[in-house]
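Below: one structure, written as structure tokens.
Protein chains get the first letters and strands the later ones, always in sequence-line order, with residue 1 at the start of each. We use all heavy atoms of the structure for the numbers below, so side chains are in, but hydrogens, waters and symmetry mates are not.
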Number of protein chains: 2
Amino acid sequence: MITKTKLNRKQQIIDKATQLFQQQGYAATSMRDLAGYIGIEAASLYSHIKSKEEILQTICFQMANDFFQSLEKIELEKLSADEKLKKAVISHVQVLTKDSAASAVFFSEWRHLSDSYLKDFLAMRNNYENKFIQILIDGHKEGTFKKMDAKFTVLALLSSINWMPSWYKPEGKLTPEEIAENVTDVFINGLKIRS
Amino acid sequence: MITKTKLNRKQQIIDKATQLFQQQGYAATSMRDLAGYIGIEAASLYSHIKSKEEILQTICFQMANDFFQSLEKIELEKLSADEKLKKAVISHVQVLTKDSAASAVFFSEWRHLSDSYLKDFLAMRNNYENKFIQILIDGHKEGTFKKMDAKFTVLALLSSINWMPSWYKPEGKLTPEEIAENVTDVFINGLKIRS
DNA sequence: ATAATAAACAAACGTTCGTTAGGGAAATAT
DNA sequence: ATATTTCCCTAACGAACGTTTGTTTATTAT
């Protein structure tokens, strides 16, 4: 082991854990499992991390911050609601596809966080959803979007995107921008040909 | 215990397991956990079921059959593509909301099925998605739907619906028909006001 | 009343779980 | 050269896991 510093090793652990948590789930992934894939003993993991849950916390809150920051930037821009929605979705998809395994863990395994972390997590998620809801409400006030249940629509929109890591393959031909373009076009304009 | 026959007890086990699998996940739910909620010892469960995985199999394949049958009925009807899409979504939402806990387990925990069951499961799911894809392709041929990536759109549509059990509360005021109406309206007509 | 069946139990099986303790080898700093 | 730190090891801890066994209790059928 020449080139591996402790920081590298820690990141390697988190990366492999991310992959295994996505494939098998957090609860079904054992520390011996994880260590085996890295090529060390389970006990050795604890030279780099404090606990199994710390790994999950790192993954979840890293993703949460990425999503949050990307949306906050867009919020400040002066744009029409439909432009803002499109930009927000592009940004969301970009964060999502930059590490789709971590995203999948973020969306599916957060419930295994212990109580205090869970509280913070849910608060952040709610806050994030509310920012999207506000964009749709603004769009209705501006006369661009029709009357709708904004919360329902946002959850449908985010769900359709967030489920993607389970079938999105990076070797596929769609770029994040194209994915976002497809999704927002359907949500804004619909499938029906406009006559 | 007067009114409980063996069949009732088995159903009770499956029902409670469904609830716990949804809340905690399959791997994080122990047989002692499950037994405790029912009020018996873990060993007693095995008078009624063969294994933990049998419970998951029962839940998953029951739901798979329900979804499949409901769609097959609609496939036979002679309808335009947009009408057929709407009916298919309504039907899908109805099955989903009839037992939203079982649906959540079905969508999130199927990966814990053992290999042979997993194969069957994935084949059924693929088949199901293809039926939806065909509806969108037909709609394009009929001149109703615009050119699009049909598979991508179907996965987005189904994802936006399937994620619902995680936030759908039956005591909410939306009926399955209203939910389906909202979803299909967005997907077919979009959010933008048509001018 | 007696036999048969069903459903629960306590106890234990072997295995795996996350984690800790203590020590040794190799790299780094002094 | 020596001391310190880093990283991994073996060994083991207690707890929890799914499941099996053998037995008791309650219900149902004869």
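- Partners of B:Lys86 by salt bridge (charged side-chain N to carboxylate O under 4.0 Å, His left out), not counting sequence neighbours, listed by chain and number: B:Glu181.
- The two residues B:Pro165 and B:Asn162 make their nearest non-hydrogen contact at CD-O, 2.8 Å.
- OP1 or OP2 of D:dC8 has at least one side-chain nitrogen or oxygen of A:Arg9 nearer than 4.0 Å.
- The stretch residues 49-56 of chain A touches DNA chain C through A:Ser51, A:Lys52, each having a heavy atom within less than 4.0 Å of the strand.
- Per the geometry, OH belonging to B:Tyr46 stands 18 Å off P belonging to D:dG22, to the nearest Å.
- Distance CD1 (A:Ile38) to P (D:dC8): 9 Å, rounded to an integer number of Å.
- Of the side-chain N and O atoms in A:Ser30, one or more sit less than 4.0 angstrom from OP1 or OP2 of C:dC17.
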Contact letters for nucleotides 9-15 of chain C, in which S counts primed atoms plus P, OP1 and OP2 and B counts the base, heavy atoms under 4.0 Å = BBBB---
Can you give each donor-acceptor pair under 3.5 Å made by side-chain atoms of residues 149-157 of chain A, sequence neighbours left out, with the distance rounded to 0.1 Å?
residue: A:Asp149; atom: OD1; partner: A:Lys151; partner atom: N; Å: 3.3
residue: A:Asp149; atom: OD1; partner: A:Phe152; partner atom: N; Å: 3.1
residue: A:Thr153; atom: OG1; partner: A:Asp149; partner atom: O; Å: 2.9

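- A straight line from CE of A:Met31 to P of D:dC9 spans 14 Å, rounded to a whole angstrom.
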Report, one line per pair, each donor and acceptor closer than 3.5 Å where one atom sits in a side chain of residues 135-145 of chain B; sequence neighbours left out.
residue: B:Asp138; atom: OD1; partner: B:Gln134; partner atom: NE2; Å: 3.0
residue: B:His140; atom: ND1; partner: B:Phe145; partner atom: O; Å: 3.0
residue: B:Glu142; atom: OE1; partner: B:Ala81; partner atom: N; Å: 3.1

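- For the residue pair A:Ser51 and A:Tyr46, the shortest heavy atom distance occurs at CA-CE2, 4.1 Å.
- Two rings, from B:Phe106 and B:Phe121, have their centers less than 6.0 Å apart.
- Sequence neighbours left out, the pairs with a member in residues 101-124 of chain B that pass salt bridge (charged side-chain N to carboxylate O under 4.0 Å, His left out) are A:Glu109-B:Arg111, A:Arg111-B:Glu109.
- The side chain of A:His48 contributes an N or O atom lying less than 4.0 Å from OP1 or OP2 of D:dC8.
- If you take CG of A:Leu45 and C1' of D:dC8, they are 11 Å apart, rounded to a whole angstrom.
- Ion pair B:Lys84/B:Glu77 not flagged as a salt bridge, since none of the NZ, NE, NH1 or NH2 atoms sits closer than 4.0 Å to an Asp/Glu carboxylate oxygen.
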